[in-house]
Amino acid sequence: MSLWCLRTVAPCMEYIELGKACYPQPPPLWGPDGLTYNGHLVTCPRHYRQGDSSLSHFYYDPGADLLRAIVVYSTTYWPSWDVQRLDFSAETGEWVNRADVLARKVFVGIWGSAWTGKSTMGSFNKLYACMNTGTQINEVDQFTLNPVSGGWSVNPYTWNPKSIFSAAVVNRIDNYLAGVSSWTLDCWKNIGTTPQRFAQLRLPNVLGYLAYESRNYCWIITKDGVICKVDYQIPRWEMISKVQNPGVSATDFAIAFDTRRKQIVVFRSRPDAADGGCQHQLEFYYPMVSPAQLTQPVPVTSLRAGKRVILVAHLIGEAGEGVTPYTVNGELAEPVEGRLVTPFSGTEMNGRVCFQYQAPDQACEETLSLETTVEETI
């Protein structure tokens with residue numbers, strides 16, 4: 001499996017301009033007193049009331065079909081900081097509440113960013129987050145990011161072994177939880193009764209953000225832009241990829257999963273431009289299955305004359321993961337003495353494909369060739 005970059009929206013947001021020494025359009029070249037300004041030689045300076053913004057929360061809201069980002073700004077106005085909720089179209093990446101944010105009408109308060117860790121959607125379309133001020137994982141309000149009064153909550157520090165997470169995905173239906181502190185993804189089951197940690201997966205780098213996809217899968221992005229898909233119930237890595245143009249300067253990455261379009265969205269935080277302008281961008285990716293290798297068939301039962309033999313091959317993706325669902329066709333090369341009982345077979349969950357061969361009553365030598373058709377579509 002790999003990632004197909006659908007589009008990049010850059011920049012995806014902007015700052016409030018100061019309004020002085022800033023022209024929406026270059027001033028006229030000639031004025032009453034002659035030549036006043038040569039727009040071809042001089043770039044008009046820009047001044048902003050905001051800058052050095054940082055992302056504290058990023059998630060997909062399935063009810064509103066919006067991508068929501070909670071951004072903390074450094075400002076020139078009192079009290080020298082601001083926190084606004086930015087809403088983007090999940091389909092195009094358009095900044096839909098631009099006017100309200102630039103008018104400072106979507107203030108969400110500092111406590112949801114200071115006290116609450118990385119939030120992500122989970123079971124029942126609820127938002128869950130680890131707490132920076134404690135060890136609990138709480139259901140939080142989608143707008144203030146504060147814990148919901150009387151909402152769902154667990155405390156992994158009371159489990160065995162004691163755990164403290166910076167981000168987690170919550171599956172309340174099957175009672176699973178996958179949490180990350182720094183380099184390790186801890187997989188827990190029975191979180192509603194007697195929690196049990198049944199597996200751990202090592203991350204390729206320090207966690208950047210975590211996103212919930214379904215009752216089986218979640219997505220991880222690291223600080224250096226490596227993107228991983230995880231089946232946290234088995235558990236195993238389903239895909240390892242990387243953001244497009246990883247060399248482009250970035251200070252951090254966040255990830256969200258669009259459950260309606262089955263695509264992932266990356267928020268790439270970038271340093272402000274030389275003129276103070278915002279350079280953050282949204283990147284939309286679609287997961288694509290990319291088979292890379294079909295292994296040779298290997299017999300898994302005894303090779304005996306007159307007996308039926310089972311042969312197994314694997315269809316493997318670019319990251320070494322099993323690829324499904326694909327149909328693999330088999331054919332015996334001439335001269336044929338036995339019989340191929342299953343001339344075609346479908347790949348199973350781990351990419352395995354099985355064929356049955358009926359051997360003749362006398363000893364012989366046969367060649368089985370396999371093939372599958374891969375179409376790159378989107």
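Just so we're clear, the structure is a prediction, and the values are computed from it rather than from any experiment.
Counting heavy atoms from C-beta outward, T116 and H57 have side chains that approach closer than 4.5 Å. For the pair Q84 and F107, the minimum side-chain heavy-atom distance is below 4.5 Å. Counting heavy atoms from C-beta on, the side chains of W95 and E14 come closer than 4.5 Å. You'll find the side chain of M121 stays beyond 4.5 Å of the side chain of Y60, heavy atoms only. Two residues are said to be in side-chain contact when any heavy atoms from C-beta on lie closer than 4.5 Å; Y217 and P287 fail this criterion. No side-chain heavy atom of V226 sits less than 4.5 Å from a side-chain heavy atom of N205. Taking 4.5 Å as the limit, every side-chain heavy atom of F143 sits out of range of all side-chain heavy atoms of I70. With contacts defined as side-chain heavy-atom distances shorter than 4.5 Å, the pair I227/M239 qualifies.
Checked by atom type and distance alone, the side chain of S369 pairs as donor or acceptor with a backbone atom of E331 at under 3.5 Å. Although no hydrogens or angles enter the test, the distance criterion places no donor-acceptor pair under 3.5 Å between the side chain of Q136 and the main chain of N155. When atom types are taken as modelled, the side chain of Y59 and the backbone of Q142 share a donor-acceptor pair closer than 3.5 angstrom. No side-chain donor-acceptor contact under 3.5 Å links N245 to the backbone of V248. Looking only at distances, no side-chain donor or acceptor of Q293 sits under 3.5 Å from a matching main-chain atom of L315. Side-chain atoms of T92 come within 3.5 Å of backbone N or O of E94 as a donor-acceptor pair. The main-chain N or O of R215 is found under 3.5 Å from a side-chain atom of Q233 such that the two form a donor-acceptor pair. Side chain of N97 to backbone of R85: a donor-acceptor contact under 3.5 angstrom is found. Between the side chain of N132 and the backbone N or O of A114 there is at least one donor-acceptor pair closer than 3.5 Å. Side chain of D275 to backbone of G277: a donor-acceptor contact under 3.5 angstrom is found.
In this structure, a donor-acceptor pair under 3.5 Å is absent between the side chains of N216 and S214. D252 and Y209 form no side-chain donor-acceptor contact under 3.5 Å, judged by distance and modelled atom types alone.
Atoms CG and CE, from L86 and M13 in turn, are 5.0 Å apart once rounded to the nearest 0.5 Å. To the nearest 0.5 Å, the span separating SG on C218 from OH on Y212 amounts to 10.0 Å. The CZ atom of F355 lies 7.0 Å from the CG atom of N329; values are rounded to the nearest 0.5 Å. The CG atom of N160 lies 10.5 Å from the CD atom of Q196; values are rounded to the nearest 0.5 Å. In this structure, CG in L177 is found 5.0 Å from CH2 in W159, a value given to the nearest 0.5 Å. If you take OG on S153 and CD1 on I137, they are separated by 8.5 Å, rounding to the nearest 0.5 Å.
Clustering ILVMFWY residues whenever any of their side-chain heavy atoms sit less than 4.5 angstrom apart, transitively, puts L127 in the very cluster that holds W111. L303 and V336 fall within the same hydrophobic cluster, where Ile, Leu, Val, Met, Phe, Trp and Tyr residues are linked whenever their side-chain heavy atoms come under 4.5 Å apart, directly or through other members. Using a 4.5 Å cut-off between side-chain heavy atoms of Ile, Leu, Val, Met, Phe, Trp and Tyr, with links allowed through other members, V243 and I264 fall into the same hydrophobic cluster. Cluster membership for L67 and L6, using ILVMFWY side-chain heavy atoms within less than 4.5 angstrom, is shared. Hydrophobic clustering (ILVMFWY, side-chain heavy atoms < 4.5 Å, transitive): Y232 and V170 are in distinct clusters.
What you find for F88 and G93 is that their closest heavy atoms are CD2-O, 3.7 Å.
In this structure, Q362 places its CD atom where more than 12 heavy-atom neighbours from other residues, nucleotides or ligands lie under 6.0 Å away.
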Worksheet item: Do D65 and R261 pass the salt bridge (charged side-chain N to carboxylate O under 4.0 Å, His left out) test, and can you show the C-alpha distance, the side-chain angles, and the key distance before you say yes or no?
Response: CA-CA 10 Å; D65 193 26; R261 297 165 189 83; 2.7 Å; yes
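The aromatic rings of F198 and Y176 stand perpendicular to each other, their planes meeting at an angle above 60°, with 30° marking the opposite boundary. Ring orientation note: the planes of Y48 and Y15 are nearly perpendicular, at an angle over 60° on the 30°/60° scale. Between Y128 and W152, the ring planes are perpendicular. Angles over 60° get that label, and only those under 30° would be called parallel.
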